[in-house]
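A note on names: the letters A, B, ... follow the listed sequences, proteins ahead of strands, and every chain is numbered from 1. Side chains are part of it too, since the values below use all heavy atoms of this structure and drop only hydrogens, waters and symmetry mates. Note that the structure is a prediction, hence the values are computed from the model and not measured.
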2 protein chains.
Amino acid sequence: MTQNQTQMEKLKDITFYTMDKAIRTYRIFAQKRLRDNGYKITIDQWLIIKAILENPGISQQEIGEKVFKDNASVTRIIELLVKSEYLEREVNQNDRRKSNLKVTVEGKRIIEKVHDLVLENRKTALAGILPEELEILNKTLKRIISNCN
Amino acid sequence: MTQNQTQMEKLKDITFYTMDKAIRTYRIFAQKRLRDNGYKITIDQWLIIKAILENPGISQQEIGEKVFKDNASVTRIIELLVKSEYLEREVNQNDRRKSNLKVTVEGKRIIEKVHDLVLENRKTALAGILPEELEILNKTLKRIISNCN
DNA sequence: AATATTTATTTGATATATCAATTATTGATT
DNA sequence: AATCAATAATTGATATATCAAATAAATATT
């Protein structure tokens, strides 16, 4: 076995662990910053409101595809968002299986307020990483996604 | 704003989404392969048994650090592993707050059997990715981790 | 030695993930 | 129109994540 292959094996061994750790570290970091600024919303909830705002009339199924979540998870997150009064839901009269989701004024307000914080978080998290590196990161992640499908 | 900066912004916007999607796609893929091969164990459970095998006498706290999990999660995963009879636990007589964790014969058996499958999964998931790219991936992920701490 | 502090683990509460099964509705088939 | 198949969302069960609080034991302090 060549030196290069040995090194490859080690990297393979840790890549998924490091990926998991990175995304988890970022989540904890971002969530803490939300909490510290007094926002009572989770990152996942924020993502879903944003998806609805940017895609009026979107169905829960489509939300799930967009934010890469299971239908069951979407249902439950939306329940919480309705309870928190960031969303309103009605039965869709064209297709009674679906629901119409509307972001409330309060929901729009929190999305806007949180938006700058999210941008800051991303900036902090990616500080010192070169554009080329970021591109390779994205490209490689996409390759992993397609390899697993 | 230069072209380069604009592009940077877009990449920043999607990087965390793509990371999340990649790790989740891999998890689903790997877990499905375990299930399809008749193994009744989750990836997280497998990781924890492995940590104990490779580090005899390890405490739950240390396990948590190693596999990057909260103490509470470790406690609950270990409960399940004891119930599944892959682990045995006793009170540590040197420090009665800690517990001694021992992998059972059955536990060792499943780790070994699953090991090849895990290697295959990683190979499949990383197919077509160059060593240099993998290195940049790892380096960049580590930078994100340190940036968030 | 008694008290206070620290540490390891557990427990409770709440959110999310995943799969399977169910419900309600719609669209297609006969 | 009645039946069947497909689809959207929900629900149930179980696993994990996260934080805070509680418990129990060890260590440090007075």
Which heavy atom of [X] sits nearest a heavy atom of [Y], and at what distance?
X: B/Ile43; Y: B/Ala30; result: CD1-CB, 3.5 Å
X: B/Lys50; Y: B/Ile111; result: N-CD1, 4.1 Å
X: B/Val91; Y: B/Asn100; result: O-ND2, 4.0 Å
X: A/Glu133; Y: A/Gly128; result: OE1-O, 4.4 Å

For atom [atom1] of [X] and atom [atom2] of [N], their distance in whole Å:
X: A/Asp70; N: D/dA8; atom1: CG; atom2: P; result: 14 Å
X: B/Ile43; N: C/dA17; atom1: CD1; atom2: C1'; result: 13 Å
X: B/Ile23; N: D/dA17; atom1: CD1; atom2: P; result: 12 Å
X: A/Leu80; N: C/dT14; atom1: CG; atom2: C1'; result: 9 Å
X: A/Ile77; N: C/dT14; atom1: CD1; atom2: C1'; result: 13 Å
X: A/Phe68; N: C/dA17; atom1: CZ; atom2: C1'; result: 11 Å
X: A/Gln61; N: C/dT26; atom1: CD; atom2: C1'; result: 14 Å
X: B/Asn92; N: D/dA24; atom1: CG; atom2: P; result: 18 Å

query = More 5' along DNA chain C: B/Arg76 or B/Asn71, using each one's nearest nucleotide?
reply = B/Asn71
Earlier contact from the 5' end, DNA chain C, for A/Asp44 and A/Asn94 = A/Asp44
request  = Specify the residues of residues 25-37 of chain B, ordered by number, for which at least one heavy atom lies under 4.0 angstrom from an atom of DNA chain C.
outcome  = B/Ile28, B/Arg35
What are the atom names and distances for every N/O pair under 3.5 Å that joins the protein to nucleotides 21-25 of chain C?
unit_1 : atom_1 : unit_2  : atom_2 : d
C/dT25 : O2     : A/Arg97 : NH1    : 3.4

inquiry  = Can you confirm whether B/Leu101 sits close enough to B/Gln60 that some side-chain heavy atom of one is under 4.5 Å from a side-chain heavy atom of the other?
reply    = yes
request  = Would you indicate whether A/Glu106, at its atom CD, is surrounded by more than 12 heavy atoms from other residues, nucleotides or ligands within a distance under 6.0 Å?
outcome  = yes
Do any side-chain atoms of residues 20-28 of chain A form donor-acceptor pairs under 3.5 angstrom with protein atoms, and if so which ones, sequence neighbours left out?
unit_1  : atom_1 : unit_2  : atom_2 : d
A/Asp20 : OD2    : A/Arg24 : NH2    : 2.2
A/Arg24 : NH1    : B/Phe68 : O      : 2.9
A/Thr25 : OG1    : A/Lys21 : O      : 2.6
A/Arg27 : NH1    : A/Asp44 : OD2    : 3.4
A/Arg27 : NH2    : A/Asp44 : OD1    : 3.1

Choose from [options] the nucleotide whose nearest atom is closest to any side-chain atom of [X].
X: B/Gln45; options: D/dT11, C/dT9, D/dA15; result: D/dA15
X: A/Lys98; options: C/dA8, D/dT16, D/dA8; result: D/dA8
X: B/Gln60; options: D/dT16, C/dT16, C/dT10; result: C/dT10

task = Name the nucleic acid region contacted by A/Thr42, choosing base, sugar-phosphate or nothing; use a 4.0 angstrom heavy-atom cut-off, strictly under.
result = sugar-phosphate
query = Under 4.0 angstrom, heavy atoms only, what part of the nucleic acid is A/Glu79 near: base, sugar-phosphate, or nothing?
reply = sugar-phosphate
Run the salt-bridge test on [X] and [Y] with the 4.0 Å N-O cut-off and return the result as yes or no.
X: A/Glu135; Y: A/Lys139; answer: no
X: A/Arg33; Y: A/Glu120; answer: yes
X: B/Lys66; Y: B/Glu62; answer: no

message = Under 4.0 Å from OP1 or OP2 of C/dT16: is there any side-chain N or O of A/Lys69 that close?
response = no
key: Phosphate OP1/OP2 of D/dA17: any B/Ser73 side-chain N/O under 4.0 Å   = yes
